[in-house]
Amino acid sequence: MVFIFLSSLVSWTDRKPLAESEYSSLYYIDSNLVPFYPQIIVYTKPAFDSKPLFKTKHFNNSFRLVEILEFPKTNFHGILGRWYKVSFLLGGKKFNGFIPSQSLANCVVKESGKTYLVGLNSYLPKPIQKYQASLKVIENGTLVKEILFEPVSQYSSNENDDKSGEYACYSQINIFDSLGLKGIDRIIEISTGVEACGYEGGSNFFLVKNNKLMSHLKSYATADGGEFYVGLEYIFPNDTLGAKDTLIIKYNNYELVNDSQGIDETSIVKMKWNGQSFLRIDSIFKKEIVKIQSEEFEED
C-alpha cells in the first residue's frame with residue numbers, strides 16, 4: 001500500500017459559517033422536510049390521481065420523512081424523483097401521506113430570522129445535460145428573494161436517458177458574514193458534489209446586501225486518486241492569507257507524472273472590491289515539479 005502526501009493540494013481557507021445545513025436532507029429517514037413551493041399537495045396514495053390529503057399555504061410547514069419509495073418514479077420538468085411517505089401534524093393529530101420529492105427543498109438552513117432553501121427547478125437533457133436550481137430566501141413564511149443558478153455538480157444517475165434525469169449529487173448551504181468585503185452583509189455558499197473520484201464539485205457564492213444580489217462567484221474542483229487535480233478556489237479578505245478589500249482567485253492544475261513526481265501549475269489573480277464590483281489588479285503564474293512523499297509497508 002502507498003500513501004501519498006501532496007501539500008500543494010491543501011485548501012488555503014479556514015472560514016467558519018454563521019450557519020450551515022445538513023447535507024441533502026432529502027435522503028435520510030426521519031429528517032425534517034420543508035416545502036420548496038408555498039403550495040404543495042400531500043396525497044393519500046403515491047399517485048397524482050389519488051385524493052389530496054393536505055395542501056400547504058406557505059413555507060412554514062414541515063414533514064418527517066418516513067419512507068422513500070423506489071417505484072413509481074415521478075417526473076417534474078424533466079427531473080426524476082421519488083414518492084416520499086411523510087408524517088405531519090394537523091389539528092393536533094398525526095397523519096401520513098405521500099409527496100413527490102421534487103416538491104421539497106434539497107437542503108435548508110436558518111439564520112437571523114431568515115430561512116434559506118435550495119432545490120431543483122428543471123432539467124434540460126439536450127444539447128448537454130443541465131440542471132437549473134434556485135436559492136430561496138424566506139422571511140415569516142413568505143418568499144422575499146429567489147436566485148436562479150446552475151449547480152456546479154451536474155451528475156445524473158440515469159445519464160443515458162435523453163428525456164429526463166435524476167439528480168445524484170449532494171448539496172449544502174453555508175451562510176457567512178461579509179468575510180471582509182465591504183458593502184456586503186451575507187455571503188451564501190451552495191456546495192454540490194458527488195461522493196466519487198473524477199466528478200466535478202464546487203460552490204456557488206452569492207454576495208448579497210439586504211437580499212439584493214451584488215455578485216455571483218463559482219468555484220470548482222475535480223480530482224482522481226492523486227492522479228490529477230484541477231480546481232479554482234477563492235480567498236476572501238478575512239480568510240487565511242487573505243488581503244484587505246481583495247478577492248484572491250487561485251487556479252490549480254496538478255498532474256502525476258510518475259511515482260516520484262508531479263507537475264503543479266498555479267495561477268493567482270487578485271481582484272480589488274470597491275463595494276459593488278471587482279477590478280483586476282495583479283496576476284501570478286507558477287509552474288513547478290512536486291516531489292511525492294510516499295511510504296510503503298506490508299499489509300497484515
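Rounded to the nearest 0.5 angstrom, E189 CD and N174 CG are separated by 5.0 Å. In this structure, the separation between CD on E255 and CG on D264 is 11.5 Å, given to the nearest 0.5 Å. Atom CG of L217 is separated from atom CG of L232 by 9.5 Å, given to the nearest 0.5 angstrom. Atom NZ of K145 sits about 10.0 Å away from atom CD1 of I188, to the nearest 0.5 Å. Rounding to the nearest 0.5 angstrom, the gap separating the NZ atom in K73 from the OG atom in S164 is 8.5 Å. To the nearest 0.5 Å, atom CE of residue M214 and atom CG of residue L181 are 10.5 Å apart.
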*side-chain contact (heavy atoms from CB on, under 4.5 Å) between K287 and F285: does it pass, once the steps are laid out?*
CA-CA 7 Å; K287 181 177 181 179; F285 175 78; 4.1 Å; yes
*Would I40 and L104 count as a side-chain contact (heavy atoms from CB on, under 4.5 Å) if you check the C-alpha gap in whole Å, the side-chain angles of each, and the deciding distance to 0.1 Å?*
CA-CA 9 Å; I40 66 172; L104 302 163; 4.2 Å; yes
_Run the side-chain hydrogen bond (donor to acceptor under 3.5 Å, both in side chains) test on Q39 and T56 for me, step by step, so that the C-alpha distance in whole Å, both residues' side-chain angles and the decisive distance to 0.1 Å come before the verdict._
CA-CA 5 Å; Q39 296 182 338; T56 66; over 6 Å; no
*CA sep, side-chain torsions, deciding dist, call: R82, L69, side-chain contact (heavy atoms from CB on, under 4.5 Å)*: CA-CA 6 Å; R82 312 290 178 108; L69 278 64; 5.8 Å; no
*After noting the C-alpha distance and the side-chain angles of F236 and R15, does the key distance pass the side-chain contact (heavy atoms from CB on, under 4.5 Å) rule?*
CA-CA 9 Å; F236 292 92; R15 60 184 73 113; 3.4 Å; yes
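By the 4.5 Å heavy-atom criterion applied to side chains, I249 and I268 are not counted as neighbours. Under the 4.5 Å side-chain criterion, counting only non-hydrogen atoms from C-beta, D282 is not in contact with V269. No side-chain heavy atom of L117 sits under 4.5 Å from any side-chain heavy atom of L135. Looking only at side-chain heavy atoms (C-beta outward), E166 and I79 stay at 4.5 Å or farther from each other. Under the 4.5 Å side-chain criterion, counting only non-hydrogen atoms from C-beta, F228 is not in contact with N253. Contact annotation: the side chain of N258 never approaches that of L256 to less than 4.5 Å [non-hydrogen atoms, C-beta and beyond]. Between P52 and V42 there is no side-chain heavy-atom pair separated by less than 4.5 Å. Considering only heavy atoms from C-beta on, E67 stays 4.5 Å or farther from Y84 through its side chain.
V118 and F36 fall into different hydrophobic clusters, where Ile, Leu, Val, Met, Phe, Trp and Tyr side chains are chained together by heavy-atom contacts under 4.5 Å. Residues V290 and Y229 fall within the same hydrophobic cluster, defined by Ile, Leu, Val, Met, Phe, Trp and Tyr side chains chained together at heavy-atom separations under 4.5 Å. Residue F76 is not grouped with residue L124 when hydrophobic side chains (ILVMFWY) are merged at heavy-atom distances under 4.5 angstrom, including chains of intermediate members. In this structure, L90 is a member of the same hydrophobic cluster as V34, with clusters built from ILVMFWY side-chain heavy atoms closer than 4.5 Å. Grouping the Ile, Leu, Val, Met, Phe, Trp and Tyr side chains by contacts below 4.5 angstrom, directly or via other members, places L143 apart from I173.
Listed for the S50 side chain is a donor-acceptor partner under 3.5 Å among the backbone atoms of K45. Put simply, the side chain of N274 gets close to the backbone of Q276: a donor and an acceptor are under 3.5 Å apart. Side chain of T192 to main chain of P151: no donor-acceptor pair is present (N/O by atom type, distance under 3.5 Å, no hydrogens or angles). N75 places a side-chain N or O within 3.5 Å of a backbone atom of G78 that can act as its donor or acceptor partner. No donor-acceptor pair under 3.5 Å is formed between the side chain of S31 and the backbone N or O of I29. With D177 contributing its side chain and L179 its backbone, the two residues share a donor-acceptor pair below 3.5 Å. S87 places no side-chain N or O within 3.5 Å of a backbone atom of F95 that could act as its donor or acceptor partner. Remark: the backbone N or O of N32 is not paired with any side-chain donor or acceptor of S62 at under 3.5 angstrom. Proximity of a side-chain donor or acceptor of K270 to a complementary backbone N or O of S283 within less than 3.5 Å is not detected. Side-chain N or O atoms of Y167 include none that pairs as donor or acceptor with a backbone N or O of G81 at under 3.5 Å.
Here F88 and F54 bring their ring centres to under 6.0 angstrom of each other. Checked against the 6.0 Å centroid criterion, the rings of F48 and Y43 qualify as a close aromatic pair. Here F59 and Y37 keep their ring centres 6.0 angstrom or further from each other.
Of all the heavy atoms in I184 and L207, the pair that sits closest is CD1-CB, 3.9 Å. Nearest heavy-atom pair across N106 and G119 is OD1-CA, 4.0 Å. Scanning all heavy atoms of the two residues, the minimum distance from G97 to L53 falls at CA-CD2, 4.1 Å. Of all heavy-atom pairs between P72 and W83, the closest is O-CD1, 3.2 Å. Nearest heavy-atom pair across V230 and Y251 is CG2-OH, 3.4 Å. Contact between Y234 and K218 at its shortest, heavy atoms only, is OH-O, 3.0 Å.
Between the side chains of Q172 and S21, not a single donor N or O lies within less than 3.5 Å of an accepting N or O. Side-chain contact annotation: T74 with Q102, donor-acceptor N/O pair under 3.5 Å present. Side-chain atoms of K114 and N211 form a donor-acceptor pair, as typed in the model, at a separation below 3.5 Å. Checking H77 against N121 by side-chain atom types alone, no donor-acceptor pair falls below 3.5 Å. A donor atom on one side chain and an acceptor atom on the other are found under 3.5 Å apart for S191 and S203.
Crowding of K130 atom NZ: a count of heavy atoms from other residues, nucleotides or ligands under 6.0 Å not exceeding 12. Atom CG of D224 sits in a crowded spot, with more than 12 heavy atoms from other residues, nucleotides or ligands closer than 6.0 Å. Atom CD of E265 has more than 12 heavy atoms from other residues, nucleotides or ligands within 6.0 Å. Open room surrounds NZ on K209; 12 or fewer heavy atoms of other groups in view lie less than 6.0 Å from it.
Using a 30° and 60° split on the angle between ring planes, Y131 and Y123 fall in the tilted class, from 30° to 60°. Aromatic ring orientation, Y155 versus Y199: tilted (interplanar angle from 30° to 60°). Ring pair W273/F278 is tilted by interplanar angle, where 30° to 60° counts as tilted.
Under a 4.0 Å N-O distance rule, the pair R64/D30 qualifies as a salt bridge.
Checked against F206 for a side-chain contact (heavy atoms from CB on, under 4.5 Å), the options V137, I187, I190 give a single hit: I190.
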